[in-house]
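Every heavy atom of this structure was used, including side-chain atoms; hydrogens, water molecules and symmetry mates were not. We count ligands from 1, going down the list as the structure has it; atoms in each ligand are counted the same way. Keep in mind that this is a model prediction, so the values were computed, not measured.
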Amino acid sequence: MTCGNAFVEAEALDTQYVMHTFGDRKRALFVEGEGMVLRDADGKEYLDFLSGIGVVSVGHSHPALVAAVQGQAARLMHVSNHFHIEHRGPLAERLCGLLSQGNGDSWKVFFSNTGAESNEGAMKLARRYGRLHLDGAGGIITAKKSFHGRTLATLAATGQDAKQDPFAPLPAGFLHVEFNDIAALEAAVNSEIDGMAPVAVMLECIQGEAGVWPCTPEYLAAARALTAERGMLLIVDEVQTGMFRCGQPFAFQHFGITPDVVTMAKGIGGGFPMGAFAARGELADILAPGQHGSTFGGGPLACAASMAVLDVLCADGFAAHVQEMGEYLRGQLATLPFVTEVRGAGLMCGASLEAEVAPKMVEAGLEAGFVLNAPAANILRFLPPLVVEKTHINALIDALPAIYAQVQ
Ligand code: PLP
């Protein structure tokens with residue numbers, strides 16, 4: 001793929017001055033976006049089926065989000081968490097309202113900046129809970145192939161040796177169990193983890209980075225029952241699945257269970273960096289003053305952005321639109337002869353391919369004007385902006401056979 005001067009210059013400076021932790025970047029320099037469309041420095045347009053890895057929930061440069069960020073930036077950008085902030089309380093109230101759908105519980109949130117930071121906070125809360133209410137229990141059980149972040153503790157929680165090994169020793173007290181294996185989970189909650197009893201199970205309702213692998217309803221129900229029986233906590237990591245991505249405010253609401261702690265990020269700010277974790281009932285008061293904090297978390301800009309995002313996501317019929325488009329996308333993908341399985345919920349969608357060509361399809365897709373993603377050699381993952389329409393999906397489905405043929 002030939003790229004213009006702006007790309008070449010950007011790549012040269014990036015290579016010289018930016019750490020190479022992301023490997024070679026894709027061959028497009030995006031400079032503008034609108035809804036489903038991204039535009040590169042050469043004026044070429046692309047349909048975005050990744051949305052910045054599930055972040056740009058309301059589409060690129062949504063006018064209401066732009067106005068909220070511009071307006072807030074012009075009024076007040078930052079004052080610190082030593083002070084009340086105009087939109088923070090109303091935003092928390094809205095999030096707690098969404099979390100209580102289907103369970104009627106009371107919730108409280110802590111605002112952070114990223115998914116990893118939200119998970120760190122959730123695990124700190126669990127450890128404090130273990131000290132205070134569960135005889136010092138502190139072990140945290142997570143699933144193999146999970147992804148919970150890149151900080152030391154969230155890396156310890158992430159069930160992938162290849163990501164962990166270069167950074168050993170990681171914080172102790174983590175155990176990884178086979179995903180969707182109830183017997184393994186049962187054994188784990190009865191085990192000792194680095195000399196501690198377990199205090200929490202942390203799961204993604206749908207493993208995203210591993211390739212869109214959903215929990216079975218039985219598995220999540222068992223995780224809920226096993227933790228409840230022992231007074232342990234169930235944490236769900238909704239960093240990728242949450243904020244209407246799966247057609248409900250949070251993916252756990254598909255499964256008919258209520259977790260104790262929920263973490264979120266990505267789509268909550270629609271592109272503005274933001275995260276949060278929430279705890280229900282009395283658990284929300286476990287972290288005492290001074291035990292957790294953030295300079296930037298829940299600041300004026302992030303809260304104003306998130307309020308604008310929620311105005312869009314909570315509009316009548318929007319969740320149904322996400323469900324409908326997700327079903328349509330999965331249905332259309334399933335008709336393609338080279339797709340062997342389609343998984344997911346709402347607009348978090350994974351397609352297994354009969355050949356290990358997904359990374360090459362991402363490159364060819366870009367050339368053809370589609371932003372795609374390959375979490376594994378034989379899996380394509382689709383996380384479009386939630387405002388995607390059938391016409392965009394039809395364009396993708398029309399293009400995929402040629403993209404596949406090109407990489408054979
Ligand atoms: N948890 C899950 C399920 C994720 O998908 C991710 C990121 O992809 C994270 C945590 C980490 O989020 P962040 O990159 O914002 O720290």
Side-chain angles (χ1 to χ4, degrees), residues 19 21-23 49-57 110-126 140-160 162-164 167 170 174 176 179-180 200-215 220 223 234-246 250-252 254-255 259 261-278 294 296-298 302 305-306 309 343-350 373-376 379 381-384:
M19 290 187 193
T21 57
F22 291 93
F49 279 88
L50 183 58
S51 69
I53 323 182
V55 169
V56 188
S57 48
F110 177 95
F111 288 112
S112 59
N113 306 280
T114 65
E117 205 190 330
S118 306
N119 288 337
E120 286 270 350
M123 293 189 290
K124 280 178 71 177
L125 188 153
I140 294 175
I141 299 164
T142 67
K144 290 188 179 164
K145 298 194 176 149
S146 59
F147 184 78
H148 298 293
R150 301 280 191 170
T151 61
L152 286 175
T154 57
L155 204 49
T158 290
Q160 300 183 48
K163 287 199 169 60
Q164 292 187 347
F167 303 101
L170 295 175
F174 290 86
H176 309 111
F179 186 55
N180 274 338
V201 171
M202 180 159 80
L203 293 169
E204 297 157 85
C205 297
I206 302 176
Q207 289 190 336
E209 296 306 294
V212 190
W213 298 100
C215 280
L220 214 47
L234 177 63
I235 305 171
V236 293
D237 175 345
E238 296 252 15
V239 167
Q240 192 162 145
T241 52
M243 303 313 300
F244 291 84
R245 169 60 53 191
C246 294
F250 295 94
F252 75 78
H254 277 296
F255 291 84
V261 181
V262 179
T263 67
M264 59 201 95
K266 289 192 185 283
I268 190 174
F272 198 94
M274 192 182 206
F277 66 96
S294 164
F296 291 115
S306 190
V309 167
R343 303 176 293 275
L347 285 164
M348 178 170 183
C349 182
N373 174 253
I379 299 174
R381 172 177 52 167
F382 301 91
L383 297 169

*asked:* Please check this pair: side chain of His254 against backbone of Cys246, looking for a donor-acceptor N/O pair closer than 3.5 Å.
replied: yes
*Report all protein residues having a heavy-atom distance below 4.0 Å to some atom of ligand 1; order the list by chain, then number.*
Thr114, Gly115, Ala116, Asn119, Phe147, His148, Gly149, Glu204, Glu209, Asp237, Val239, Gln240, Lys266
*Sidechain-backbone polar pair: Gln240 side chain, Gly54 backbone, donor-acceptor under 3.5 Å*: no
*asked:* Under the rule for salt bridge (Lys or Arg N to Asp or Glu O under 4.0 Å), what residues qualify as partners of Lys144, not counting sequence neighbours?
replied: Glu178
_Could you work out, with side chain to side chain donor-acceptor pair (under 3.5 Å) as the rule, every residue matching Thr158, not counting sequence neighbours?_
none
_Just to verify, what does Glu117 make a side chain to side chain donor-acceptor pair (under 3.5 Å) with, not counting sequence neighbours?_
Asn113
*Look up atom NE2 in His148 and atom OG in Ser118, then write down how far apart they are to the nearest 0.5 Å.*
13.0 Å
